[in-house]
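To start, the structure under review is shown below, and the notes come after it.
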Amino acid sequence: MRSLFQDTFYYKTDIDRPLSEVWSFFQTNDNLAAITGFPKIRILGDKDVTEGATVHLEMNFYLMKLEWKGEITKVVPEAFFMDEGTNLPFPFTAWRHVHAFKEIDEQTTRMIDRVEFAAKVPSPLIRLMLKGMFKDRERQLEKHFLKQDG
């Protein structure tokens, strides 16, 4: 079945940490799992974010578990990395996620997520789900970096 809906979603997060520290945090998939509250994620693929690395996740939605497979297709240090879906669960038929990082000042980094997707359900539903997921990640990032200050 072909994709019925295609769209691009953006989310901006300002993090009160230097670019090098934020970049370093995002270079391991274990940290992705740590900042994702729902669904709970277990890393089955490569741990490091490097070009060609396999992104293989088990997503636990409590009533069911789904697997997500992709690949890190591009990494430009301290600028961005991109993952693309290769075997995606319903409702997705395509996925490209660019994680971009920009230094705002010496102590602040802006992370911009751009997700291009195709799905078998209306884009507004996917956008709502993505907004909730990224908002939760933003809260988890704040907690993580505050904990380091403590």
Side-chain angles (χ1 to χ4, degrees), residues 1-17 19 21-102 109-148:
M1 180 180 186
R2 281 191 23 226
S3 298
L4 300 176
F5 304 95
Q6 295 183 19
D7 205 347
T8 302
F9 173 84
Y10 293 91
Y11 196 88
K12 173 184 66 113
T13 306
D14 287 345
I15 304 167
D16 293 327
R17 284 292 187 273
L19 174 61
E21 187 177 340
V22 173
W23 177 260
S24 179
F25 177 83
F26 280 95
Q27 293 311 289
T28 173
N29 283 316
D30 286 333
N31 285 337
L32 169 69
I35 63 167
T36 303
F38 184 80
K40 282 296 181 194
I41 292 178
R42 188 165 64 108
I43 305 297
L44 302 174
D46 295 328
K47 301 289 186 198
D48 296 325
V49 175
T50 57
E51 279 187 32
T54 300
V55 179
H56 185 184
L57 311 174
E58 178 187 78
M59 301 178 299
N60 186 343
F61 290 92
Y62 305 114
L63 296 175
M64 68 179 151
K65 292 180 182 178
L66 298 174
E67 287 193 21
W68 180 284
K69 292 182 181 176
E71 179 182 342
I72 305 294
T73 55
K74 184 77 174 164
V75 177
V76 176
E78 295 195 359
F80 75 92
F81 64 94
M82 179 169 55
D83 62 271
E84 297 187 59
T86 57
N87 189 359
L88 303 168
F90 179 85
F92 294 102
T93 58
W95 175 274
R96 177 182 292 143
H97 181 183
V98 176
H99 313 250
F101 301 85
K102 181 179 179 185
T109 301
R110 176 164 293 152
M111 182 172 66
I112 301 165
D113 289 282
R114 184 183 83 219
V115 177
E116 299 169 36
F117 64 88
K120 295 177 182 177
V121 299
S123 296
L125 292 175
I126 301 295
R127 294 173 65 76
L128 185 63
M129 179 202 71
L130 291 173
K131 184 175 182 181
M133 184 183 80
F134 282 104
K135 186 69 178 162
D136 184 57
R137 283 186 182 176
E138 183 177 11
R139 284 190 293 268
Q140 297 301 324
L141 280 166
E142 287 174 9
K143 284 184 193 174
H144 170 80
F145 286 117
L146 281 175
K147 197 184 307 182
Q148 285 191 332

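Hydrogens, waters and symmetry mates play no part in the numbers below; they use all other heavy atoms, side chains included.
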### Phe101/Leu19 under side-chain contact (heavy atoms from CB on, under 4.5 Å): CA gap, chis, key distance, verdict
CA-CA 7 Å; Phe101 301 85; Leu19 174 61; 3.6 Å; yes

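At a threshold of 4.5 Å between non-hydrogen side-chain atoms, the residues Phe92 and Ile126 count as touching. Contact of the Met111 side chain with the Leu141 side chain is registered, since non-hydrogen atoms from C-beta on lie closer than 4.5 Å. Using a 4.5 Å heavy-atom cutoff, the side chains of Ile112 and Phe80 are not in contact. Considering only heavy atoms from C-beta on, Phe25 stays 4.5 Å or farther from Arg17 through its side chain. Counting only heavy atoms from C-beta outward, the side chains of Leu130 and Phe117 approach each other to under 4.5 Å.
When all heavy atoms are compared, the tightest approach of Leu88 to Lys69 is CD2-O, 4.0 Å. Annotation for Val75 and Glu51: closest pair N-OE2, 3.0 Å, computed over non-hydrogen atoms. Closest approach of Phe5 to Ser123, counting heavy atoms only: CB-OG, 3.5 Å. The two residues Ala33 and Ile41 come nearest to each other via the heavy atoms CB-O, 3.6 Å.
In this structure Lys131 satisfies the salt bridge (Lys or Arg N to Asp or Glu O under 4.0 Å) test with no other residue, sequence neighbours excluded. Judged as a side chain to side chain donor-acceptor pair (under 3.5 Å), and not counting sequence neighbours, the contacts of Thr36 are Arg137. With sequence neighbours left out, Lys74 forms a salt bridge (Lys or Arg N to Asp or Glu O under 4.0 Å) with no residue at all. The side chain to side chain contact (heavy atoms under 4.5 Å, CB included) test applied to Ala79 returns Val76, not counting sequence neighbours. For Asp16, there are no salt bridge (Lys or Arg N to Asp or Glu O under 4.0 Å) partners two or more places apart in sequence or in a different chain. Looking at residues two or more places apart in sequence or on another chain, you find a salt bridge (Lys or Arg N to Asp or Glu O under 4.0 Å) between Glu84 and Arg96. In this view, Gln140 and Ile35, Asp136, Lys143 satisfy the side chain to side chain contact (heavy atoms under 4.5 Å, CB included) rule, not counting sequence neighbours. Contacts of Phe9 classified as ring-ring contact (aromatic ring centres under 6.0 Å, His included), with partners at least two apart in sequence or in another chain: Phe134. Qualifying side chain to side chain donor-acceptor pair (under 3.5 Å) partners for Trp95, counting only residues two or more places apart in sequence or in other chains: Asp83. Not counting sequence neighbours, Tyr10 has no partner by the side chain to side chain donor-acceptor pair (under 3.5 Å) test.
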With a 3.5 Å cut-off and sequence neighbours excluded, list the donor-acceptor pairs that the side chains of residues 53-63 form with protein atoms.
| unit_1 | atom_1 | unit_2 | atom_2 | d |
| --- | --- | --- | --- | --- |
| His56 | NE2 | Glu67 | OE1 | 2.6 |
| Glu58 | OE1 | Arg42 | NE | 3.2 |
| Glu58 | OE2 | Arg42 | NH2 | 3.3 |
| Asn60 | OD1 | Tyr62 | N | 2.7 |

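In this structure, Thr109 contributes its side chain and Ile15 its backbone to no donor-acceptor pair below 3.5 Å. Counting only distance, with no hydrogens or angles, the side chain of Arg127 and the backbone of Thr8 share a donor-acceptor pair below 3.5 Å.
The aromatic rings of Phe81 and Trp23 sit perpendicular, their planes meeting at an angle over 60°, well past the 30° parallel limit.
Ion pairing of Glu142 with Arg139 is absent here, as no side-chain N (NZ or NE/NH1/NH2) approaches a carboxylate O to less than 4.0 Å.
A side chain to side chain donor-acceptor pair (under 3.5 Å) check over residues 25-34, counting only residues at least two apart or in different chains, returns nothing.
For the atom pair NE2 (His99) and CD1 (Ile72), the distance works out to 6.0 Å, reported to the nearest 0.5 Å.
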